[in-house]
Amino acid sequence: MSSSWRKISIIILLVLLIACAFLTFNSSSSQYTAESVTKDYNLPIGQSMFENQSIIGTTDPVEVPLVNNFGFLTHQLQAFDLQGILMAVSTGVVPFDFSIVTGDTIDSYGNVVDVKGPGFLTYAGDKLVVKEPDNYVWAYSAPYKWLEKTESGVDVYEDGKKIKSVPVDKIRDLKYSNDYYNASTIASWYNYDSVVGSKFTLEKGMVKFSDGRNNISSDDVPKIFGQDVVDYASEYPTGSPILLYSGDYTKKSGESYGTSLGSHAEYGDSIREVNARQFVEAWDGTIIPPHSTSSGKDYVYFESASDASAPGGSAAHGVCPSARALRAAVAAEGFGLPVGMTWDENAVLFGFNPAQDITVTNTHDYPVEIKMWTEGSGTDMGIYAKIIRYVPKK
């Protein structure tokens with residue numbers, strides 16, 4: 001390159017720098033606001049987002065007319081993109097500079113930056129930002145895909161829309177299944193455990209987030225929060241609170257209590273042992289978010305023992321020792337009496353499923369996990385319950 005051409009290039013660059021500096025302060029870019037940009041480009045306010053993700057959902061830049069947006073040329077100048085400046089001048093369009101309507105977590109190209117974990121797009125004052133997740137994020141499971149019983153079979157719904165109808169004789173041919181149900185389970189539900197209008201949840205989305213972000217579909221749950229969340233939610237009744245994200249915390253031992261099965265031969269001690277273990281299975285590993293209420297697991301079943309004093313003449317005897325251990329641990333933690341229990345020796349009320357109907361409310365400002373286990377066997381079997389506190393580090 002000749003020295004004369006280099007001089008001309010330097011002069012052109014200086015002119016461009018001065019022009020852009022002037023136009024930055026005098027251009028019409030002030031016409032843009034966070035709200036107007038959101039409306040113009042249909043930005044998904046409330047949607048979960050990660051580092052490096054584009055808030056406009058594409059890697060292609062948004063381009064606007066140069067004649068009304070000369071100030072946006074500073075975007076290329078800051079990046080020393082002379083080719084971009086020449087391209088803008090020659091084509092008459094310039095990439096939109098998102099920095100005029102965004103905060104620190106969205107760069108000038110509209111990409112998410114400096115966000116740890118699954119954030120979400122929202123407003124902060126008059127700016128668009130991607131807010132980092134709180135130290136704990138939770139939501140409630142809700143049906144996203146389900147079956148609804150009809151007079152002639154089942155209707156299949158997805159995201160509130162009916163997608164097909166299945167006649168009675170085809171229910172056993174349905175391919176829906178996971179670790180907890182299959183076509184036989186669905187057929188049994190239809191024949192014995194439901195009435196017209198009853199619903200059977202196939203897949204669960206998440207609603208009513210603790211940090212106010214948008215509801216998400218069953219397909220998005222594993223993408224945003226991981227397969228472990230899907231596996232956990234599938235074990236618990238629809239509508240349960242689900243801890244989706246945890247930041248910095250320390251697990252600390254809380255209150256604990258132990259008891260033994262004891263003997264009530266009139267109800268059959270072998271059945272009682274089975275039921276005591278099933279109660280432990282139903283509640284072990286249950287995580288309850290702050291100021292939330294949860295039951296034990298779904299798909300846990302109990303044996304019936306004859307009892308003339310019970311409604312229907314039978315009851316799931318053997319659950320009460322396990323229930324007493326749980327009751328003592330949560331009460332000592334300050335949570336109060338679980339719904340479905342009494343303070344009596346017979347801790348579980350008739351008519352309450354020990355897994356699905358008993359509920360515990362966590363009154364702490366952080367999540368807790370319920371751990372339950374047994375030691376030994378027979379009438380001397382030990383039954384234990386312990387609270388694990390997820391205490392934030394800051």
Side-chain angles (χ1 to χ4, degrees), residues 46 48 116-120 122 131-143 201 204-216 221 224-226 228-257 282-298 323 325-343 347-349 352-372 385-394:
S48 297
K116 179 182 178 182
F120 67 100
T122 186
K131 181 181 179 295
E132 281 195 338
D134 296 335
N135 203 53
Y136 304 108
V137 177
W138 66 95
Y140 293 82
S141 65
T201 300
K204 298 173 182 177
M206 294 292 158
V207 301
K208 294 189 279 188
F209 276 79
S210 59
D211 58 5
R213 72 180 68 201
N214 291 350
N215 300 340
I216 59 175
V221 174
I224 299 172
F225 296 105
D228 288 348
V229 167
V230 177
D231 295 339
Y232 181 92
S234 66
E235 291 189 276
Y236 288 81
T238 302
S240 297
I242 309 296
L243 183 65
L244 301 169
Y245 173 84
S246 297
D248 293 331
Y249 69 94
T250 301
K251 289 187 178 182
K252 294 185 178 181
S253 294
E255 300 293 336
S256 61
Y257 186 81
W283 283 92
D284 181 42
T286 297
I287 300 172
I288 310 178
H291 303 286
S292 300
T293 299
S294 180
S295 72
K297 298 181 181 73
D298 217 345
L326 176 63
R327 180 185 66 189
V330 300
E333 195 71 20
F335 295 166
L337 180 67
V339 171
M341 288 192 190
T342 73
W343 292 113
V348 179
L349 289 167
F352 282 80
N353 182 294
Q356 303 163 9
D357 294 339
I358 290 175
T359 59
V360 172
T361 298
N362 171 17
T363 58
H364 290 331
D365 294 330
Y366 47 81
V368 297
E369 180 179 3
I370 295 171
K371 302 296 292 182
M372 291 196 74
K386 183 177 184 178
I387 304 300
I388 305 297
R389 303 167 182 165
Y390 289 22
V391 181
K393 289 183 178 180
K394 55 181 180 179

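In this text the structure is predicted, and so the values were computed from the model without any measurement.
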Distance-minimising heavy-atom pair for I224 and S48: CD1-CB, 3.7 Å

Closest non-hydrogen atom pair, I387 against I370: CD1-CG1, 4.0 Å

L243 and Y232: CA distance, side-chain angles, deciding distance, side-chain contact (heavy atoms from CB on, under 4.5 Å) verdict: CA-CA 9 Å; L243 183 65; Y232 181 92; over 6 Å; no

May I ask you to decide if P290's main-chain N or O and S292's side chain share a donor-acceptor pair within less than 3.5 Å? yes

Over all heavy atoms of both residues, which pair between G334 and T363 is shortest? Give the atoms and the distance, please. O-OG1, 3.7 Å

Quick one, S295 with T359, criterion side-chain contact (heavy atoms from CB on, under 4.5 Å). Give me CA distance, side-chain angles, the key distance, then yes/no. CA-CA 4 Å; S295 72; T359 59; 4.1 Å; yes

Of all heavy-atom pairs linking A329 and Y257, the shortest is N-CB, 4.2 Å

Shortest non-hydrogen separation from A282 to Y236 and the atoms involved: O-OH, 4.5 Å

Side-chain heavy-atom pair Y249, R389 within 4.5 angstrom cut-off: no

Using the rule given for side-chain contact (heavy atoms from CB on, under 4.5 Å), can you reason through V221 versus K204, listing the C-alpha separation, both sets of side-chain angles and the distance that settles it, and then say yes or no? CA-CA 9 Å; V221 174; K204 298 173 182 177; over 6 Å; no

What I'd like to find out is whether the side chain of Y136 reaches to under 4.5 Å of the side chain of P367, using heavy atoms alone. yes

Nearest 0.5 Å, please: how far is OH in Y390 from OG1 in T250? 12.0 Å

Could you report the tightest heavy-atom contact between Y366 and P392, atom names first, then the distance? CB-CD, 3.9 Å

Looking only at atom types and distance, does a side-chain atom of R327 sit under 3.5 Å from a main-chain N or O of V348, one as donor and one as acceptor? no

For the residue pair I216 and F209, establish whether any side-chain heavy-atom pair is separated by less than 4.5 Å. yes

Side-chain heavy-atom pair F335, I288 within 4.5 angstrom cut-off: no

Quick one: CD1 on I388 to CD1 on I287, what's the gap to the nearest 0.5 Å? 10.5 Å

As a quick check of understanding, evaluate side-chain contact (heavy atoms from CB on, under 4.5 Å) for M341 and F352, giving each step before the final call. CA-CA 9 Å; M341 288 192 190; F352 282 80; over 6 Å; no

To the closest 0.5 Å, what do you measure between CG (D298) and CG (N353)? 8.5 Å

Contact check, side chains of H364 and E333, non-hydrogen atoms, under 4.5 Å: yes

Given side chains that start at C-beta, do those of N214 and F120 come closer than 4.5 Å, heavy atoms only? no

With a 4.5 Å limit on heavy-atom distance, are the side chains of P133 and R213 in contact? yes

Counting C-beta onward and ignoring hydrogens, is there a side-chain heavy-atom pair between V360 and W283 closer than 4.5 Å? yes

Can you tell me how far NZ of K116 sits from CD of E132, rounded to the nearest 0.5 angstrom? 8.0 Å

To the nearest 0.5 Å, what is the distance between CD1 on I242 and CE on M206? 5.0 Å

Check for a donor-acceptor pair, side chain of K297 on one end and backbone N or O of T286 on the other, with a separation under 3.5 Å. no

Straight-line distance of L244 CG to S210 OG, nearest 0.5 Å: 7.5 Å

